[in-house]
Amino acid sequence: MRPEFDAALCALRYEWPLDSLVTRFKYGADLAVGHVLSSVMAQHLSSHFLNTSSCRPQLLIPIPLHPERLRERGFNQALELARPLSRALGIAMNSAGLRRVRATPRQTGLNALIRRRNVRGAFELNTDVRDRHIALVDDVITTAATARECAKLIKRAGAASVQVWAVARAGVGQI
């Protein structure tokens with residue numbers, strides 16, 4: 001399946017010991033770990049844009065949580081990564097650019113097909129992206145089902161390009 005996004009940039013592989021750090025950040029509310037992970041992402045992305053002719057995004061949009069999940073967790077891990085990235089890279093951020101309009105079960109443990117079905121129609125775009133270069137920010141890319149669904153919305157709204165940025169990529173092979 002061809003991704004709806006133009007590029008996926010991940011700083012690290014989702015394996016030991018990084019998986020423990022991401023879990024501590026995401027489920028243990030260790031925001032200091034999140035700040036370190038964002039810093040690693042910023043270094044990786046700065047190097048990438050310095051050493052390639054890739055298009056630098058004009059706007060960062062963190063992947064949103066459903067309000068119920070946000071209340072449970074107390075914070076959105078993608079937003080906690082995107083805030084310092086925005087400052088470090090000098091790229092504007094719109095924390096309300098996407099909204100999760102449907103609560104979905106957690107993706108952990110689901111196969112790729114079920115993950116795609118799980119997020120279908122779960123998001124709504126709340127900002128003008130016409131002719132803009134967008135980067136979606138998330139913590140981990142596994143099957144890219146969430147990234148595909150969000151990128152599809154953004155591309156249909158006329159974005160020039162959509163990149164997906166994450167701390168880590170789980171698994172092997174192409175997204």
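One-based numbering along the sequence shown.
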Less than 4.5 Å apart, any side-chain heavy atom of V36 and any of L21? no

Return the minimal non-hydrogen interatomic distance between V162 and A151, and the atom names on each side. CG1-CB, 3.8 Å

Determine whether more than 12 heavy atoms belonging to other residues, nucleotides or ligands lie under 6.0 Å from atom CZ of R156. no

For R83, give me all partners under salt bridge (Lys or Arg N to Asp or Glu O under 4.0 Å), at least two apart in sequence or on another chain. E80

Going by an N to O cut-off under 4.0 Å, is there a salt bridge joining E68 and R71? no

Value rounded to 0.5 Å, distance of CD in E124 from CZ in R99: 4.5 Å

Non-hydrogen side-chain atoms of I63 and D139 separated by less than 4.5 Å: no

Apply the test side-chain contact (heavy atoms from CB on, under 4.5 Å) to residues K155 and F5: give CA-CA distance (whole Å), side-chain angles for both, the deciding distance (0.1 Å), then the verdict. CA-CA 8 Å; K155 283 281 187 101; F5 47 85; over 6 Å; no

Between R69 (side chain) and N76 (backbone), is there a donor-acceptor pair under 3.5 Å? no

Do you know the tightest heavy-atom contact between Q77 and K26? NE2-CE, 3.5 Å

Decide whether L59 and V137 are clustered together by the hydrophobic rule: side chain heavy atoms of Ile, Leu, Val, Met, Phe, Trp, Tyr closer than 4.5 Å, transitively. no

Hey, could you give me the OG/CD distance between S38 and Q43, rounded to the nearest 0.5 Å? 10.0 Å

Pairs in or reaching into residues 70-111: which pass ring pair (Phe, Tyr, Trp, His ring centres under 6.0 Å), with residues at least two apart or in two chains? F25-F75

If you look at every heavy atom in V129 and A157, which pair is closest and at what distance? CG2-CB, 3.6 Å

Separation of R120 CZ from E149 CD (nearest 0.5 Å): 7.0 Å

Distance (rounded to the nearest 0.5 Å) between L153 CG and N126 CG: 10.0 Å

Please determine whether side-chain contact (heavy atoms from CB on, under 4.5 Å) holds for the pair L89 and F49, giving the CA-CA distance in whole Å, both sets of side-chain angles, and the decisive distance to 0.1 Å. CA-CA 10 Å; L89 300 174; F49 290 113; 5.6 Å; no

Is it the case that over 12 heavy atoms from other parts of the model lie below 6.0 angstrom from the CZ atom of R117? no

For C55 and Q163, work out which heavy atoms get closest and say how close. O-NE2, 2.7 Å

Any chance CZ of R24 has more than 12 other-residue heavy atoms, nucleotides or ligands included, within less than 6.0 Å? no

Could you tell me the separation between the OG1 atom of T127 and the CG atom of N94, rounded to the nearest 0.5 Å? 4.5 Å

State, with a plain yes or no, whether a side-chain heavy atom of R100 is found less than 4.5 Å away from one of P64. yes

Common cluster, L79/V40, ILVMFWY with side-chain heavy-atom separation under 4.5 Å: yes

Is it the case that the side chain of T23 and the backbone of D19 share a donor-acceptor pair, with hydrogens and angles ignored and the cut-off at 3.5 Å? yes

Just how far is it from atom CD1 of I91 to atom CZ of R56, taken to the nearest 0.5 Å? 4.5 Å

How about D6 and S161: does a side-chain donor come under 3.5 Å of a side-chain acceptor? no

Check the hydrophobic clustering (I, L, V, M, F, W, Y; side-chain heavy atoms under 4.5 Å; chains of links allowed) and say if M93 and I134 are grouped together. no

Between I141 and L9, is there shared hydrophobic-cluster membership here, with clusters defined by ILVMFWY side-chain heavy atoms closer than 4.5 Å? no

Cluster question for you: counting only ILVMFWY and a side-chain heavy-atom cut-off of under 4.5 Å, with indirect links fine, are I61 and V119 together? yes

Taking all atoms of both residues into account, what is the closest heavy-atom pair of L81 and D138, and its distance? CD1-O, 3.7 Å

Can you see which heavy atom on R115 is nearest to which on T142, and at what distance? NH1-CB, 3.5 Å

